[in-house]
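Sequence lines set the chain letters: A, B, ... in the order given, protein chains first and strands last, and positions in each chain run from 1. Keep in mind that the numbers below use all heavy atoms, side chains included, and drop hydrogens, waters and symmetry copies. Source: prediction; values computed, not measured.
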There are 2 protein chains.
Amino acid sequence: MPSLDQFFKAAITVDNVIFGFDDADLKILLIQRGEEPYINKWALPGYFVTEDENLESAAERVLAELTGLTNVYLEQVRAFGAADRHPLGRVITIAYYSLIKINAFQLKPASIAEKVKWHSVSKLDELAFDHKEILDACFSRLKRRVRTRPVGFELLPPKFTLTELQHLYESILETELDKRNFRKKIISMNLLIDLNEMQEGVAHRPAKLYKFDQEKYKEFVASGYSFEI
Amino acid sequence: MPSLDQFFKAAITVDNVIFGFDDADLKILLIQRGEEPYINKWALPGYFVTEDENLESAAERVLAELTGLTNVYLEQVRAFGAADRHPLGRVITIAYYSLIKINAFQLKPASIAEKVKWHSVSKLDELAFDHKEILDACFSRLKRRVRTRPVGFELLPPKFTLTELQHLYESILETELDKRNFRKKIISMNLLIDLNEMQEGVAHRPAKLYKFDQEKYKEFVASGYSFEI
DNA sequence: TTGCGCTAGTGTGAAAATCACACTAAAGAG
DNA sequence: CTCTTTAGTGTGATTTTCACACTAGCGCAA
C-alpha cells in the first residue's frame, strides 16, 4: 500500500455564517478577534477541524459552542483555499451557513466574554481574512436556496405572521414583494397551518399566526412537486 | 503570533468531474486506478494539492495533465471530507467539474498508458472512494447551472446546430424538450450568431450552423438580464 | 368614548410565459 | 425518382405573473 506521507498537508478549518432574522433585517453572528492575525477585526465563527471529525460535525460544533444550539439547518457552500489566504500558513477553510431562530437562544457565557455580536448583513465593513468573500458566497447561496426550498422558516419563530414571513423574504432577496401576490402564492402552496390564534398586544389589527407544516412538505416533496417563490 | 503547528493537518486533493458531450450523450472522463486502494476501480481524475497551489490551479493542473486543455470552464462544487472517506488516512477533497469540447483534444500519451476512458453518465456502476457521491453532486450542480447560465456551449464545438444544442440540454436535464418551443426560446434570447453555413455530408436536409455570441452575452449580463431555459 | 394611527387582510384584469401539437422542406442513398 | 431522415416553422389554450386600492380591527390618547 502506498502512503500519504509524501504529500503536503494543510490545516483545515470550518467557518460558519450564522444567519438570524430579527423582524427587521437579516443578521449574522460575528466574533471580534482577540489575537493576531487580524486582531480586533470581526470574523466569522470558525475553528480547526480535528483529526476524527467530519466537516459537518465541525461546523455543528462551532455553532454549538457559540450558541448551544443543535439540530439547526446547516449547509456547506464551498471550500476557500487560496494559498495566501492565511498569514500564518496554509489553511483551507470549508464554509457553511446555518439558519437559526435568533430569539431561541442565549449566547453562552464563554462566548460573551469574547465579543460576539449580531451584525446586519447589509451594512458590513471589512472582515478578517477572506471572510467577506465567504459571507458573500454564503449569502448568495441562501438567496438562491430560499426560492426553491422552504428554509426560510428556520429563521422564524414556530408561530409567525404572514407579514413576518414576507419581511423575511424581502430581507433575504433584498427586494420588495407585493403583499397580495405574496400571500396568494404562499397560501396556495398549502404548506402553512392556520393556528387560529392571533398576535396579542399589538397596537393595530392583530395578525393571524401560522406554523409551517412539515408533514405536508414531506408529502409534497415525495410527490415530486417543487417549492418555488 | 500564534502558530498553526498545534493543529491537525490533512492531505488535500482536488477531484475533477470532466464532462464531455458526443452528440449522443453526456460523458465523463474516468481513470482506472493502477494501485491500492481501489485498484482497478474507475475513479475521478484527481491529485494532491501542493504547498503553494491554489485549489483552482490544482484542478486546472489535473485537467491539463490529462487532456492538455487549458482555459476551460471549471467550477468548484464543494468539499468532501468524511473522516473515513480514504482508507489510508485523512484526505479532504475539493470537487470541481469542468466542461470540455470532447473532440477538441487528444488524450496525452502518458494518460493513454493508464486506462482513461469516457463513460456515459447515465450508466455508471460503482466508483472508487466516494466518487459516485462526488459525481452526483457535480451532475446536480451542472443541471442547475445550465438552466441559468449559458455554460452548455462549452460542451459543443464552436459551430453547432440547434438540434445538437437541444440534445445537449436533453442529456443534461435528463428530459425531453419540445423542438418548436426550444428553438423559439433559444432564438428569442438573441445569443446565437447565424453563420449562414450548413451542415455538410449528411443524408438528410442539412441544418444551419450557429455559434454562441460571447459579446452579446456580456452586454446581456451587464444590463442585468438573465439567461433562463 | 371617540377618533387616530397603524398594520391585517382581501380580488380582479391585463400581460407574459408556457405548453401542446403536425406538417412541409431538403439532402443523400439506393 | 422515390424513399428515408432530419430541419424548420405558427397558433391557440392555459397558466403564471404582475400591478394595483380599499376596508377591518386593535391600542392609545385626547
Side-chain angles (χ1 to χ4, degrees), chain A residues 21-25 146-148 156-157 159-171 173-211 220 223-229, chain B residues 21-25 146-148 156-157 159-171 173-211 220 223-229:
Chain A
F21 179 70
D22 76 351
D23 210 72
D25 60 0
V146 87
R147 296 181 62 97
T148 51
L156 291 176
K159 303 176 179 187
F160 51 84
T161 68
L162 293 182
T163 302
E164 285 166 353
L165 185 62
Q166 181 179 342
H167 288 163
L168 171 65
Y169 275 92
E170 289 176 333
S171 301
L173 299 174
E174 295 183 300
T175 180
E176 300 213 337
L177 301 171
D178 178 87
K179 179 157 61 155
R180 279 179 288 195
N181 293 337
F182 178 80
R183 292 162 101 96
K184 224 180 308 169
K185 195 159 207 170
I186 292 288
I187 296 295
S188 73
M189 287 181 184
N190 236 30
L191 288 176
L192 295 187
I193 298 174
D194 180 344
L195 292 167
N196 291 315
E197 290 177 55
M198 293 295 194
Q199 268 184 321
E200 280 173 25
V202 289
H204 54 77
R205 175 174 174 179
K208 293 171 94 169
L209 294 173
Y210 292 86
K211 71 171 186 178
F220 193 76
S223 63
Y225 286 100
S226 70
F227 182 90
E228 194 84 35
I229 285 195
Chain B
F21 179 70
D22 76 350
D23 210 74
D25 59 0
V146 88
R147 296 181 63 96
T148 51
L156 291 177
K159 302 176 180 188
F160 52 84
T161 69
L162 293 182
T163 302
E164 284 166 354
L165 186 61
Q166 181 179 342
H167 288 163
L168 171 64
Y169 275 92
E170 289 176 334
S171 300
L173 300 174
E174 295 183 300
T175 181
E176 299 212 340
L177 300 172
D178 178 85
K179 179 156 60 155
R180 281 180 285 195
N181 293 336
F182 178 79
R183 293 162 101 94
K184 223 181 309 171
K185 195 159 205 169
I186 290 288
I187 295 294
S188 74
M189 286 181 185
N190 236 30
L191 287 175
L192 295 187
I193 298 175
D194 180 345
L195 292 168
N196 291 313
E197 289 177 57
M198 293 295 193
Q199 267 184 323
E200 279 172 25
V202 288
H204 56 78
R205 176 174 173 178
K208 293 171 95 170
L209 295 173
Y210 291 85
K211 71 171 186 178
F220 194 76
S223 62
Y225 286 100
S226 71
F227 182 92
E228 194 84 37
I229 285 193

Query raised in the report: Between dG8(D) and R180(B), is there an OP1 or OP2 to side-chain N/O distance shorter than 4.0 Å?
Result: no
**Report entry** Name of the residue among L192(B), D194(B), L195(B), L156(B) meeting side chain to side chain contact (heavy atoms under 4.5 Å, CB included) with K211(B)
**Finding:** L195(B)
Report task. Please report, rounded to the nearest Å, how far the C1' atom of dC26(D) is from the CE atom of M198(A). Result -> 11 Å
Query raised in the report: Between E228(A) (CD) and dA17(C) (C1'), how many Å, whole number?
Result: 14 Å
Query raised in the report: Over how many whole Å does the gap from L177(B) atom CG to dT18(C) atom C1' extend?
Result: 13 Å
Query raised in the report: K184(A) side chain: which of dT12(C), dA8(C), dG8(D) is closest?
Result: dT12(C)
Query raised in the report: Taking the side chain of A203(A) as heavy atoms from C-beta outward, which of dT12(C), dG8(D), dC28(D) is closest to it?
Result: dC28(D)
Report task. Rounded off to whole Å, could you give me the CD1-to-P distance for the I187(B) and dG10(D) pair? Result -> 12 Å
Query raised in the report: So do F220(B) and N190(B) actually touch side chain to side chain, heavy atoms under 4.5 Å?
Result: no
Query raised in the report: Rounded to whole angstroms, how far apart are CD on Q166(B) and C1' on dT6(D)?
Result: 12 Å
Report summary line: What one should report as the nearest heavy-atom pair of S171(A) and D25(A) is OG-CA, 3.9 Å
Query raised in the report: Between E164(B) (CD) and dT6(D) (C1'), how many Å, whole number?
Result: 12 Å
Query raised in the report: Is it true that a side-chain atom of E170(A) and a backbone atom of L177(A) form a donor plus acceptor pair closer than 3.5 Å?
Result: yes
Query - Nucleotide dA8(C), atom C1' - distance to CZ of F160(A) in whole Å - result: 16 Å
Report summary line: By nearest-nucleotide position on DNA chain C, the 5'-leaning member of H167(A) and D178(A) is H167(A)
**Report entry** Interatomic distance, Q199(B) CD vs dG8(D) C1' [rounded to whole Å]
**Finding:** 13 Å
Query raised in the report: Which comes earlier along DNA chain D counting from the 5' end, the contact point of N181(A) or that of V202(A), where each point is its nearest nucleotide?
Result: N181(A)
Requested in this report: Choose from dC19(C), dG9(C), dA7(D) the nucleotide whose nearest atom is closest to any side-chain atom of T163(B).
Outcome: dA7(D)
Requested in this report: Identify, between K185(A) and P206(A), the residue whose nearest nucleotide on DNA chain D lies closer to the 5' end.
Outcome: K185(A)
Query raised in the report: Touch check for K179(A), heavy atoms < 4.0 angstrom, all strands: base, sugar-phosphate only, or nothing?
Result: base
Requested in this report: Would you mind reporting whether K208(B) and M198(B) have side-chain heavy atoms less than 4.5 Å apart?
Outcome: yes
**Report entry** Nearest-nucleotide pick for H204(A), side chain only, options being dA26(C), dC19(C), dG25(D)
**Finding:** dG25(D)
Query raised in the report: Where the side chain of R205(B) is defined as all heavy atoms beyond and including C-beta, which of dA7(D), dA8(C), dC18(D) is the nearest nucleotide?
Result: dA7(D)
